[in-house]
> 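This is the structure, below, for whatever I ask next.
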Amino acid sequence: MGSSQDDRKLESGTAANAPQSNVLHPAFYIILWIGLSSSVILFNKWVLASAKFDFRSAHFTSTLDSRHKIPMTPIKYMKAIVPIGLMFSLSLICGNLAYLYLSVSFIQMLKATNAVATLLATWAFGIAPPNLRTLGNVFLIVVGVVIASFGEIKFDVFGFLIQIGGIIFEALRLVMVQRLQLCRI
């Protein structure tokens with residue numbers, strides 16, 4: 001009699017630990033999300049087209065007039081716009097990939113160095129003149145991040161390099177946008 005109770009306990013314990021077969025794979029939810037997002041975009045396009053919405057707001061403001069002053073050729077587009085999009089994509093990829101290797105708090109500390117990378121990139125691209133006082137202030141940020149890095153429990157070199165890459169790509173993107181605004185293509 002004692003063994004039948006033990007058998008029932010074992011059966012109920014293994015049944016609770018067995019994987020459920022009615023759980024959907026995460027890929028299903030990802031595909032569903034992409035499909036629904038695309039559907040909403042297409043639906044909005046259809047609504048705006050069927051309502052004959054021709055973006056009339058541009059006629060009521062002078063803010064958008066500068067769009068006609070810039071002659072955009074495919075070569076200018078490839079030289080000015082595509083690199084910004086590429087840097088943005090690489091920044092997103094590296095920034096999201098780093099979460100697989102580093103803790104969220106550590107990534108947030110590393111993001112504080114974005115100001116340093118952007119400052120150095122503005123100097124490298126000649127957008128701003130080098131300033132030693134600014135460099136000293138920014139150096140304090142770097143020292144704080146280095147101190148925080150030594151105390152990080154979940155430090156991964158690969159994740160660290162990916163996050164630094166993301167920061168560099170973001171700094172380059174910001175400088176390219178600034179340069180684009182200054183040059184007006």
Side-chain angles (χ1 to χ4, degrees), residues 24-49 53 55 57-58 63-128 130 134-135 138 141-142 144-146 148-149 152 154-185:
L24 294 174
H25 193 272
F28 170 78
Y29 295 110
I30 293 170
I31 292 169
L32 180 67
W33 176 56
I34 291 170
L36 291 175
S37 296
S38 301
S39 301
V40 168
I41 291 169
L42 293 173
F43 178 72
N44 285 340
K45 181 181 176 187
W46 174 78
V47 166
L48 293 174
F53 181 75
F55 308 103
S57 61
T63 306
L64 302 174
D65 288 346
S66 63
R67 72 187 190 284
H68 297 297
K69 296 176 185 174
I70 301 173
M72 184 60 69
T73 64
I75 293 172
K76 283 185 179 181
Y77 185 81
M78 291 300 291
K79 285 183 177 180
I81 306 300
V82 170
I84 293 171
L86 180 66
M87 290 299 121
F88 184 60
S89 297
L90 291 172
S91 171
L92 283 175
I93 290 168
C94 290
N96 288 336
L97 190 60
Y99 283 100
L100 297 174
Y101 301 97
L102 301 173
S103 66
V104 174
S105 58
F106 186 54
I107 289 172
Q108 294 305 315
M109 284 186 275
L110 288 177
K111 284 183 179 180
T113 61
N114 200 351
V116 176
T118 305
L119 177 68
L120 295 176
T122 58
W123 291 350
F125 279 82
I127 292 176
T134 306
L135 182 64
V138 167
I141 297 171
V142 173
V145 171
V146 169
S149 299
E152 178 60 25
K154 190 184 173 193
F155 182 82
D156 184 85
V157 174
F158 183 69
F160 177 79
L161 293 175
I162 287 175
Q163 182 61 36
I164 294 300
I167 290 168
I168 291 170
F169 292 134
E170 179 65 13
L172 290 174
R173 182 191 72 83
L174 292 171
V175 170
M176 286 178 183
V177 169
Q178 182 69 27
R179 189 172 174 197
L180 184 66
Q181 290 175 345
L182 292 175
C183 296
R184 294 286 181 196
I185 304 181

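In what follows, residues are counted from 1 in the order of the sequence shown. Computed from a predicted model, the values in this text were never measured in an experiment.
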> Can you tell me how far OH of Y101 sits from CD1 of I162, rounded to the nearest 0.5 angstrom?
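Between I162 CD1 and Y101 OH, I get 5.5 Å after rounding to 0.5 Å.
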> When you look at CG of L36, are more than 12 heavy atoms from neighbouring residues, nucleotides or ligands closer to it than 6.0 Å?
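Yes, the 6.0 Å shell around CG holds more than 12 heavy atoms from other groups.
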> Between A171 and A121, what is the shortest heavy-atom contact and its length?
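In this case the closest contact between A171 and A121 is O-CB, 4.3 Å.
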> Work out which heavy atom in L172 is nearest to a heavy atom in F125; give both atom names and the distance.
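So the two residues come closest at CD2-CE1, 3.7 Å.
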> Measure the shortest side-chain to side-chain distance between I81 and L180 over non-hydrogen atoms and say whether it is less than 4.5 angstrom.
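Heavy-atom side-chain distance check passes, below 4.5 Å.
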> Quick check for you: to the nearest 0.5 Å, what is the distance between M176 atom CE and L86 atom CG?
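Between atom CE of M176 and atom CG of L86 there are 8.0 Å.
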> With heavy-atom distances below 4.5 Å as the criterion, would you say the side chains of F106 and M109 are in contact?
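Heavy-atom side-chain distance check passes, below 4.5 Å.
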> Carefully, step by step, assess E170 and K111 under the rule side-chain contact (heavy atoms from CB on, under 4.5 Å).
CA-CA 10 Å; E170 179 65 13; K111 284 183 179 180; over 6 Å; no
> Do F88 and F169 touch side chain to side chain, with heavy atoms closer than 4.5 Å?
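The answer is no; the side chains never approach within 4.5 Å.
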> Within the supplied structure, the quantity of interest is the number of heavy atoms (other residues, nucleotides, ligands) at a distance under 6.0 Å from F155 CZ; does it exceed 12?
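For F155, atom CZ is crowded (more than 12 foreign heavy atoms under 6.0 Å).
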> List the steps, then state whether side-chain contact (heavy atoms from CB on, under 4.5 Å) holds for L110 with L102.
CA-CA 10 Å; L110 288 177; L102 301 173; 4.0 Å; yes
> So, taking the atom named CG in L92 and the one named CZ in R173, what distance separates them when rounded to the nearest 0.5 Å?
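Output value for this atom pair is 8.5 Å.
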> Quick one: does T73's side chain have a donor or acceptor within less than 3.5 Å of a partner on K76's backbone?
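Yes, the answer is positive, given that a donor and an acceptor are paired below the 3.5 Å cut-off.
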> Quick one, L97 with L100, criterion side-chain contact (heavy atoms from CB on, under 4.5 Å). Give me CA distance, side-chain angles, the key distance, then yes/no.
CA-CA 6 Å; L97 190 60; L100 297 174; 3.6 Å; yes
> Minimum heavy-atom separation for P83 to M78, with atom names?
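Residues P83 and M78, closest heavy atoms: CD-O, 3.1 Å.
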> Quick check against the 3.5 Å criterion: does T122 have a side-chain atom that pairs as donor or acceptor with the backbone of L119?
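Between the backbone of L119 and the side chain of T122 there is a qualifying donor-acceptor contact (under 3.5 Å).
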> What is the minimum heavy-atom distance between G166 and S91, and which atoms define it?
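Heavy-atom minimum between the residues: O-OG, 3.6 Å.
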> Which distance, rounded to the nearest 0.5 Å, do you find between the CD1 of I168 and the OG1 of T113?
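It is 8.5 Å, given to the nearest 0.5 Å.
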> Carefully, step by step, assess S39 and F43 under the rule side-chain contact (heavy atoms from CB on, under 4.5 Å).
CA-CA 6 Å; S39 301; F43 178 72; over 6 Å; no
> Can you tell me how far the CD1 atom of I31 sits from the NE2 atom of H25, to the nearest 0.5 Å?
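These two atoms lie 9.5 Å from each other.
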